[in-house]
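Input: a single structure, listed below in structure tokens.
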Amino acid sequence: MFEKVLIANRGEIAVRIIKACQEMSIKTVAVYSNVDKKAPHVQLADESISLGDPTPIESYLNILKIIEFAQDAGADAIHPGYGFLAENPDFAQACKSKDIKFIGPNPDVISLMGDKIAAKKTMEKAGVPVIPGYHGKNQDNTSLVKEGMKIGFPLLVKAAAGGGGKGIRIVHNEDVLEESIEGAKRESKSSFGNDTVFLEKYIEKPRHIEFQILADEHGNIIHLFERECSVQRRHQKIIEETPSPIINPELREKMGNTAIKAAKAVNYYNAGTVEFMVDGELNFFFMEMNTRLQVEHPITEMTTGIDLAKWQLKIANGMKLTLKQNDIFQRGHAIECRIYAENPSKGFLPSIGTIEKVEFPTGPNIRNDTGIFAGMEITPYYDPMLSKIVVSSENREESINKMIWALSKYVVLGVTTNISFLQKVISHKEFRKGNITTHFIDNYFKDWAISKEGLPITAIIALAVYDSIHSRTQEIVRYKESDPHSPWKHVGRWRIGAEE
Amino acid sequence: MFEKVLIANRGEIAVRIIKACQEMSIKTVAVYSNVDKKAPHVQLADESISLGDPTPIESYLNILKIIEFAQDAGADAIHPGYGFLAENPDFAQACKSKDIKFIGPNPDVISLMGDKIAAKKTMEKAGVPVIPGYHGKNQDNTSLVKEGMKIGFPLLVKAAAGGGGKGIRIVHNEDVLEESIEGAKRESKSSFGNDTVFLEKYIEKPRHIEFQILADEHGNIIHLFERECSVQRRHQKIIEETPSPIINPELREKMGNTAIKAAKAVNYYNAGTVEFMVDGELNFFFMEMNTRLQVEHPITEMTTGIDLAKWQLKIANGMKLTLKQNDIFQRGHAIECRIYAENPSKGFLPSIGTIEKVEFPTGPNIRNDTGIFAGMEITPYYDPMLSKIVVSSENREESINKMIWALSKYVVLGVTTNISFLQKVISHKEFRKGNITTHFIDNYFKDWAISKEGLPITAIIALAVYDSIHSRTQEIVRYKESDPHSPWKHVGRWRIGAEE
Amino acid sequence: MFINYEHENNVYNVSVERRKDLYFITYDNTEYKVKAEEIKPGHLKIKLGDRIIKSVITTGKKDKFVFTDGNVFKVKNVELSGAIKTKKRKEEGNLNSPISGKIVNIKIKNGDIAKKGDVLMVIEAMKMEYLIRAPFNGKIKKVNFKEKDQIEIGQKTIDIIKKEEA
Amino acid sequence: MFINYEHENNVYNVSVERRKDLYFITYDNTEYKVKAEEIKPGHLKIKLGDRIIKSVITTGKKDKFVFTDGNVFKVKNVELSGAIKTKKRKEEGNLNSPISGKIVNIKIKNGDIAKKGDVLMVIEAMKMEYLIRAPFNGKIKKVNFKEKDQIEIGQKTIDIIKKEEA
């Protein structure tokens with residue numbers, strides 16, 4: 001097994017990977033930017049090296065620096081986590097050229113799957129169903145508009161190099177087609193340095209359902225069932241669960257086999273995810289393949305009992321997959337909620353600030369994957385995801401109830417989070433019924449606001465008690481309750497600036 | 001379902017049960033003695049009532065007070081946890097007479113199973129194998145000595161009302177038989193108020209293996225496989241695991257069916273445990289039946305995915321067991337270590353004091369069941385178990401490694417604990433091989449001491465750094481290293497009182 | 001003891017009187033009598049009749065955060081003065097930046113006429129775009145930044161003069 | 001700075017000198033140069049050559065507790081004086097109570113002769129029995145407690161006079 005692994009990431013995923021390494025007696029090297037000096041992944045690792053400037057391109061995206069540090073520390077492998085360099089073929093190639101094992105697939109495969117157009121073509125050729133669309137080279141607006149008209153509306157404009165919902169536009173009619181193409185191009189350019197876009201048929205009542213796969217370097221490959229990831233905001237997942245409420249055993253087997261076919265078509269090894277779009281009639285289409293560990297991997301771990309992070313390490317070390325497809329089964333039901341520093345009542349605007357206090361719910365089958373701590377600054381440099389809370393139990397209903405309980409005990413003070421919002425979403429009667437599509441949040445939570453009714457009386461009472469305990473004023477004698485001159489009257493609430 | 005449940009217990013098990021209730025939207029009432037005013041179970045519950053004086057008989061064993069409080073609070077059920085009143089038939093009966101549901105079996109069954117002699121006779125009649133022995137009424141020393149001689153040596157003298165290792169003597173020869181009988185009687189009298197003892201054949205290379213069962217009030221009953229609990233000190237379990245390293249599928253089925261037979265023989269309902277002794281040739285004998293949730297229940301939950309505490313509540317509420325034997329399967333391997341406030345190098349003497357700092361290891365498939373907090377006083381009033389750490393993974397070896405990691409991150413400062421000891425036990429090569437019997441600790445850890453070599457240099461360095469940081473002395477200029485007058489010489493270690 | 005809490009532009013005026021572990025809290029002409037204790041720093045357990053309120057409170061640099069019933073509210077203790085009471089109601093159509101970020105695109109220049117809903121400026125932060133739109137038909141008086149400028153949350157992006165409705 | 005740590009009757013004499021985040025620690029004629037920081041209260045991360053030592057330290061009422069490499073040690077900072085240095089070595093055979101508990105049984109009385117290993121007294125605490133045995137052949141000088149008495153940890157149970165070996 002590897003002697004020492006450098007983890008080229010931060011936050012909860014770096015913590016997760018360091019723990020997996022340590023359990024396997026592998027030494028770990030953390031890297032960190034200046035703002036992350038005190039972060040849990042740095043404290044947990046056996047060694048740590050500063051990357052300096054917090055700007056991603058100077059720190060967690062700095063290929064040269066990271067490779068150099070890995071060499072200095074004597075690391076024989078690098079785990080990229082997700083995001084940052086995880087799907088950067090140049091990084092994978094750079095590792096290879098320095099004889100450091102990149103924990104992921106071959107650089108060529110990353111390259112191919114990173115190019116959405118080429119990926120789709122490859123899959124089509126391999127017999128994997130894909131969504132009708134245009135993925136051609138003619139990127140002038142006129143050609144794209146023409147192709148769009150052929151596909152028909154609604155249609156999607158997507159960044160070829162995209163991911164995480166960036167550079168995506170839904171177009172409902174001809175009038176705004178060109179404008180949307182331009183917007184997607186601009187956003188794609190800014191996020192990925194590439195403004196190639198493609199067009200595809202927009203699926204009504206779409207669900208986002210993905211399959212986890214695990215493949216070794218010796219051609220063995222299995223799938224670990226699906227994850228239902230339809231609940232999204234701004235095209236980013238916020239709640240994931242497995243099993244999916246709509247997948248039946250036949251469909252599960254069919255989609256699982258298709259995922260394996262997709263992975264085989266590119267000689268894939270490592271953990272990976274094949275994302276499908278499923279329509280209202282349970283037709284499914286290949287969307288993309290993620291060549292890394294997924295944010296939502298814990299729900300698969302909880303229902304299959306398999307440790308994906310450890311298997312990544314074993315596979316990268318050349319070990320054979322000893323798990324057989326027939327040995328893998330799902331049990332119970334698992335749900336993950338992503339805790340973001342964001343304001344759901346202001347368009348999910350990321351929030352920044354200092355985490356003053358944090359408390360995690362604990363209990364049987366509650367898993368907290370987190371990289372935050374009291375005193376931590378949430379900066380605009382990185383993704384605003386703070387942590388993930390994952391629960392599992394005997395069935396979906398129980399897991400929903402467990403998640404509601406867990407969220408109600410989850411305390412993060414100092415920055416605005418989506419915790420209250422998640423509670424409302426997961427308690428929603430349509431969610432309970434399993435009636436979810438990727439439009440779920442838009443359909444039911446468009447104008448959601450926690451505090452429409454203002455400060456609840458419980459909060460007012462708690463504040464008053466707190467201030468009373470912490471004030472230096474002595475206990476005072478009560479005014480007589482019937483006293484007409486008592487200042488206890490006339491207290492209430494008013495709006496600043498309102499006429500009186 | 002119940003509206004409100006009173007939890008007649010403290011510590012980690014009270015916390016565990018309160019969480020199960022809250023997930024099921026059941027209101028909870030905690031009870032607490034004066035020393036537990038700030039305990040986690042009190043803070044977590046929806047309501048709490050003081051029992052006053054910490055002496056067990058005045059607080060957690062006070063049947064009248066607890067029943068009265070349950071009535072006052074409007075609780076429709078009482079969960080007794082384990083220990084205290086969990087196996088007290090009078091308490092179960094008192095609940096019944098006040099129309100409060102006791103979450104456990106019928107009082108008669110508790111009574112019967114609490115009388116080890118009657119229990120054994122019942123089981124023998126039902127065709128469950130038992131250990132040869134004397135369980136007669138002739139309790140005068142002369143008769144007992146005579147019966148002991150018939151059974152032969154080695155033999156065991158056991159308190160009829162015993163449990164938790166109290167009132168047990170192993171007798172290897174005639175010379176000490178009478179003396180041992182007296183000792184067991186005295187301890188039994190003091191612990192259980194009853195000095196009846198029985199004698200039985202002492203099994204060489206014994207393993208303690210128990211089966212979890214779950215039975216409803218409608219005659220449905222299943223088993224949830226075994227727990228290997230052989231690693232014990234002072235006849236009390238400290239490490240439990242499942243599956244057992246020696247049980248094969250045939251034996252598992254046979255023992256599971258025997259456990260079900262045992263429970264059926266007494267019309268059992270509730271969660272319960274049938275304890276067997278297994279000898280070197282894999283013969284098994286009924287030892288006793290525990291009519292409550294077991295300390296070590298989490299390892300069964302982790303490998304079967306079943307929530308035993310919630311099923312206790314459902315069963316007590318009259319629900320039918322919807323789980324079928326064929327739906328239940330074990331997956332992976334789980335281990336529990338019990339963290340005790342005790343000193344393993346001084347005969348496992350319980351330790352008392354204030355917990356100054358506590359930090360729990362966290363990570364995938366690591367479960368902490370705990371009722372402690374920083375600032376908590378560990379008093380001599382109650383059992384010195386602080387918490388339980390439970391891990392699971394794909395196989396036994398990985399779980400051992402995970403447990404070693406977890407224990408190495410488990411910080412309890414202020415009272416002496418067995419954490420270092422547990423690390424050594426679980427890392428032992430015979431444990432790794434699965435070669436364990438109930439004599440394991442005596443065989444390999446008789447004179448174990450953490451600090452035979454004194455303070456390690458890492459501790460000395462850490463202390464020096466800590467004191468340097470926290471001293472008010474300013475940074476000082478170094479003496480020249482070659483300076484012969486430097487006071488940096490002559491530092492070292494010596495024994496207090498040693499001649500110089 | 002009188003306390004004023006500001007929460008999302010509303011001011012809540014509360015009085016509290018303490019007698020040992022009993023607190024008499026008056027708000028909106030209603031008095032609440034509660035029993036309370038701070039079970040660990042910042043953790044309150046409050047008994048209001050049959051109900052138990054559990055709350056976690058912490059004081060940050062500027063604000064106070066209160067967690068109750070699974071929700072978090074950010075409040076400020078404020079002194080009420082004549083000034084604050086007569087503070088002007090915010091104008092419809094906020095042209096302040098919603099986030100600290102970089103200005104990547106400015107669509108208009110001084111003197112331009114903008115129609116309500118027009119995108120005036122694009123700000124990028126955390127890899128996402130935020131659009132500043134015209135709150136009404138009007139004339140651009142002053143663009144306060146140029147492209148590639150850094151802008152802080154709350155800073156005014158553009159001054160615009162409302163055009164009288166026809 | 002000179003510090004003396006007492007751990008299980010051994011005294012460890014250490015010196016430490018600090019220069020910013022560098023510490024020079026001398027113990028047993030060896031100097032250790034380490035880089036260290038307190039990452040959160042009581043949590044130290046110490047770099048000693050290639051090795052990282054992580055330690056958690058807390059100060060209780062009387063003792064200091066240090067966690068390192070998964071083990072915990074209880075130590076005391078002590079001032080070394082002539083007195084402590086010449087403190088008498090503990091007598092063989094400790095007759096102090098190992099625990100705070102209740103005396104449930106006393107097997108001997110003043111003047112009795114006890115044989116080495118004889119049980120002299122039974123103390124009960126936390127539902128378990130602890131036996132006080134004779135450390136050598138001897139004559140009971142004084143039984144310091146009576147049955148049902150409460151005894152504290154470390155209190156002397158019995159005075160016994162060692163009988164000269166034949």
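Here is how names work: the chains are called A, B, and so on, in the same order as the sequence lines, proteins then strands, and each is numbered from 1.
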- Message: For a ring pair (Phe, Tyr, Trp, His ring centres under 6.0 Å) check, start with the C-alpha distance between D/Y32 and D/Y27, then their side-chain angles and the critical distance, and finish with the verdict.
- Response: CA-CA 8 Å; D/Y32 303 87; D/Y27 168 72; 7.6 Å; no

- Item | Toward chain B, the part of D/K61 with a non-hydrogen atom under 4.5 Å |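 Both backbone and side chain.
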
- Query: Checking heavy atoms, do the side chain of D/F67, its backbone, both or neither come under 4.5 Å from chain B?
  - Reply: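 Both backbone and side chain.
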
- Message: Restricting to side-chain contact (heavy atoms from CB on, under 4.5 Å), what partner residues turn up for B/F445, sequence neighbours left out?
- Response: B/F421, B/K424, B/V425, B/H428, B/F440, B/I441, B/W448

- Task: Check the angle between the aromatic planes of B/Y382 and B/F84 and answer parallel, tilted or perpendicular using the 30° and 60° thresholds.
- Result: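 Answer is perpendicular, since the angle exceeds 60°.
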
- Item | Contacts of type ring pair (Phe, Tyr, Trp, His ring centres under 6.0 Å), residue D/F65, not counting sequence neighbours | none

- Message: Taking every non-hydrogen pair under 4.5 Å, which of B/N343, B/I460, B/L407 racks up the most with chain D?
- Response: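 The answer is B/I460.
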
- Message: At a heavy-atom distance under 4.5 Å, which candidate from B/S408, B/G414, B/P56 has the highest pair count against chain D?
- Response: B/G414

- Distance-minimising heavy-atom pair for D/Y12 and B/L455: OH-N, 2.9 Å

- Which one, D/L44, D/D63, D/N77, D/V34, leads in non-hydrogen pairs under 4.5 Å with chain B? D/L44

